[in-house]
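Residue numbering restarts at 1 for every chain, and letters A, B, ... go by the order of the sequence lines. Being a predicted model, the structure only gives us computed values, none of them experimental.
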Amino acid sequence: MKEHPLQIKMNTNTKLKVSNLTKTRKSSDFFWAYLMIAPTMLGLFIFYLWPIFQTFYFSFTEWGAFGQFEWTGLDNYKRMLEDTNLLKSFKNTGIYIIFTVPIGIILSILIAVLLNQKIKGKSVYRTLYFLPVITMPAAIAMVWKWLYNSDYGLLNYILSLFGIKGPQWVSDPKIALYSIIVVAIWSGIGYNMVIFLSGLQGIPKSYYEAAEIDGAGPISVFFKITLPLLSPVIFFVSITSLIGAFQVFDLIFMMIGKSSTALESTQSVVYLFYQHAFVLNDKGYAAAIAVLLLVVILIITAIQMVLQKKWVHYD
Amino acid sequence: MKKWLLLLLTVILGLIGLAGCSNDDTASGDGKVEITYGFWDKKQVAAIDEVIKLFNEKYPDIKVKTEITPYGQYFQKLETAATGAALPDVMWMNGAHVQQYAEGKVILPLTDLAKKDNYSLDNYPKSLTDLYTVKGEIFGIPKDFDTTGLWYNKKIFDEAGVPYPDDSWDWNKLKEVAKKLTDKDKDIWGFAATMGNQGGYYDLIWQNGGYIISDDGKSAGFDQPEAIEALNYNISFIKEGLSPTQAQMTETAVSELFSSGKVAMMFDGPWMVQEYKNNPDINVAVVPKGKQRAVSIHGLANVIAANTKHKDAAWKFVQFLGSKEAAEIFAKTGTVIPAYNDTQDAWVQAVPTINLQAFIDGVDYSVPLPNEKRTGEIWQYETDVLKKVWSEEESIEDGVKELTEKANEALSKK
């Protein structure tokens, strides 16, 4: 590129001026940008970050009535070591995750792939699968609780038509957790399905056309093209649904009564947190449980981040 | 230019948000005061609305806003609200929590206010004013009280040809009739052995000569032989198939099993009158006697938040809630047994189809619920531990041992 004579005449002074100008424009841009995001950032700090620090601080305290607390150091964490309930709640949460996350993801991929085909009434099906997502969890829990009712529920009534005496779905300690898992999977499919659908639509048609010309069948197309190209989305969904599954509370709270015999075998970590924080007014210990849960989620998410290099294909 | 417009919009929107938050205060600018009234029982909403209407005829400038929270969350919400200084101005209180709230200085002592206005506390049963007196100061004006009765379904008795319960019944008779009425083919249970303390195992323990918390307030009596025997009697109904199991009773509310004719008899309080009064099959009798006669008695009171901004208005409202006028409304609607002396007869007559006198008869041999500072916590432990006993996962002996240890620990806390 040849330099224009005029430009050579322009001395370095003017160049400096220009760069100064861009600098001031930049900083004023920053100012405006920050001002615009200030409401959100403020909310984030006040309602998310500050409570996290507070929770961390409170996990070293013991609470009395009406907001009085005293510093007790590591007492809450020592108490955790002997707390069999906590161990059990982690076990329950673990079982819940092992079933809901993989099954939920597999089912929603399958449904997303099927609904991505050219079939009649596609949008009707999409709406149907998405309906549970826009329904209040409380309403879902109440309806399922009724379906599950061992004496008067629809489920056991249908079973009785075949001469089978149905179990106590939400009261039998051996079954209750799995009953909740079914509801959780059912109500979570729609949300993940929509994310997978958008991921599927981002896969270029040319790949499929090329595969067709090469004579690949639908199954090998699915495993050789769809799955690898969908893997970033699968990764995203598996992280969000894992974190979500760790925090399960509402379904258990709504479907398992306080005096239910199945409570011990279904209560999740967050349920135990709730129990200590708001029922027993043991907010210090509850804060310690929350911190522990945060650490566990952090570690598992970090492991996922490391493992993704092995299976996630970005283009 | 555009940016300034945006900024302006942001500020305006922000201000609208702020104004929305402070609406409540500006509304009371025209001399009107708004106070909130917190309580838990939705069955009493109609009566309370009527009381508020009457109150407003007298004090048109005090607006009362009601705030209902289901009992299961009521005290959790109060606790949080008290921590954040956001309590309702006037609210219901029970005996289990009054000491904790009084000592935490969350509710207002009313002794001086009552003295100043010559407000007499002699209009209420002494056992109730005593319940709400902490260290010589009265903290709540009694609202109502309740005892236990044996509710029964006449239709099931008639079909089985068994005479209705009366005051001659004892524990053996109850068991015997429960056996007669239980009909597996028709899915009818003779008795519901619910896992509740008031109107449940507390009453039975007292009938058997046991105690819940010792007189010195230092130890719980769940592991005493009388208590174990009482719990054993209670659970035997489930073991022998005369009562729905604990699982069935948590999946379907017992009151629903009872009102739909699946359960013939159960213990419960007068707060069920509203729900049962339109069912012609349901009536109530006095509770059968054990070694002695006993039922639990408990009453609610209206209290004022210590940090209320409208102390005078709140006190006026509490006085009115404790007045004879208000008591008569509660009596007339058959909602609860009003605490105001001599208004109980009106309550008994309010629902002639149900023998409400059974609840009043119980007053003579009633035992007040414990009101130690840690009672609320002990109740939580009772639910946690006894549900395992009720569902036969744990033996009674192991259960009461665990429960007594936990309760004693709670009692030893300051």
Engineer: Is it the backbone or the side chain of Asn149(A) that comes under 4.5 Å from a heavy atom of chain B, or both, or neither?
Structural biologist: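 Both parts, heavy atoms under 4.5 Å.
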
Engineer: I'd like to check Glu79(B) versus Lys283(A) (side-chain heavy atoms, cut-off strictly below 4.5 Å). Are they in contact?
Structural biologist: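 Glu79(B) vs Lys283(A): side chains touch.
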
Engineer: Would the distance check show the side chain of Glu251(B) and the main-chain N or O of Ser150(A) forming a donor-acceptor pair, the cut-off being under 3.5 Å?
Structural biologist: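 Confirmed, Glu251(B) side chain pairs with Ser150(A) backbone.
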
Engineer: Let me know if Tyr381(B) has heavy atoms under 4.5 Å from chain A in its side chain, its backbone, both or neither.
Structural biologist: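 Just the side chain, heavy atoms under 4.5 Å.
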
Engineer: Do Ser259(A) and Gln246(B) have side chains that approach each other closer than 4.5 Å (heavy atoms only, starting at C-beta)?
Structural biologist: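 SC-SC contact between Ser259(A) and Gln246(B) confirmed.
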
Engineer: Where does Leu257(B) contact chain A at under 4.5 Å (heavy atoms): side chain, backbone, both or neither?
Structural biologist: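 Just its side chain gets close to chain A.
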
Engineer: More than 12 non-hydrogen atoms from neighbouring residues, nucleotides or ligands closer than 6.0 Å to OH on Tyr157(A), yes or no?
Structural biologist: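 Open.
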
Engineer: Which region of Ser391(B), side chain (C-beta onward) or backbone (N, CA, C, O), has a non-hydrogen atom less than 4.5 Å from a non-hydrogen atom of chain A, or is it both or neither?
Structural biologist: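 Both backbone and side chain.
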
Engineer: Could you tell me whether the side chain of Lys388(B) reaches within less than 4.5 Å of the side chain of Thr261(A), counting heavy atoms only?
Structural biologist: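 No, every pair of side-chain atoms sits at 4.5 Å or beyond.
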
Engineer: Surrounding CG of Leu49(A) (heavy atoms of other residues, nucleotides or ligands, distance under 6.0 Å), is the total greater than 12?
Structural biologist: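 Yes.
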
Engineer: Only heavy atoms, only distances under 4.5 angstrom. Which residues in residues 398-409 of chain B are near chain A?
Structural biologist: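 Heavy-atom contacts from residues 398-409 of chain B to chain A are absent.
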
Engineer: Do Gln275(A) and Asp384(B) make a side-chain contact, defined as non-hydrogen atoms from C-beta onward lying under 4.5 Å apart?
Structural biologist: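 In contact.
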
Engineer: Could you tell me if the side chain of Pro173(A) sits less than 4.5 Å from the side chain of Glu393(B), heavy atoms only?
Structural biologist: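 A side-chain contact under 4.5 Å exists here.
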
Engineer: Could you measure the distance from the CG atom of Leu263(A) to the OG1 atom of Thr383(B)? Nearest 0.5 Å is fine.
Structural biologist: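 The distance works out to 10.5 Å.
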
Engineer: Check whether any side-chain heavy atom of Lys258(A) sits under 4.5 Å from a side-chain heavy atom of Lys387(B), and report yes or no.
Structural biologist: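 The answer is no; the side chains never approach within 4.5 Å.
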
Engineer: I need the minimum non-hydrogen distance between Phe278(A) and Gln76(B), along with the two atoms involved.
Structural biologist: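 Result for this residue pair: O-CG, 2.9 Å.
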
Engineer: With respect to chain A, which residue among Gln100(B), Met195(B), Met249(B) yields the maximal number of heavy-atom pairs within a distance under 4.5 Å?
Structural biologist: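 Highest number of pairs under 4.5 Å: Gln100(B).
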
Engineer: Please check if atom OH in Tyr71(B) has more than 12 non-hydrogen atoms from other residues, nucleotides or ligands closer than 6.0 Å.
Structural biologist: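 Enclosed.
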
Engineer: Side chains of Lys262(B) and Tyr152(A): closer than 4.5 Å at any heavy-atom pair?
Structural biologist: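 They are in contact (side-chain heavy atoms under 4.5 Å apart), so the answer is yes.
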
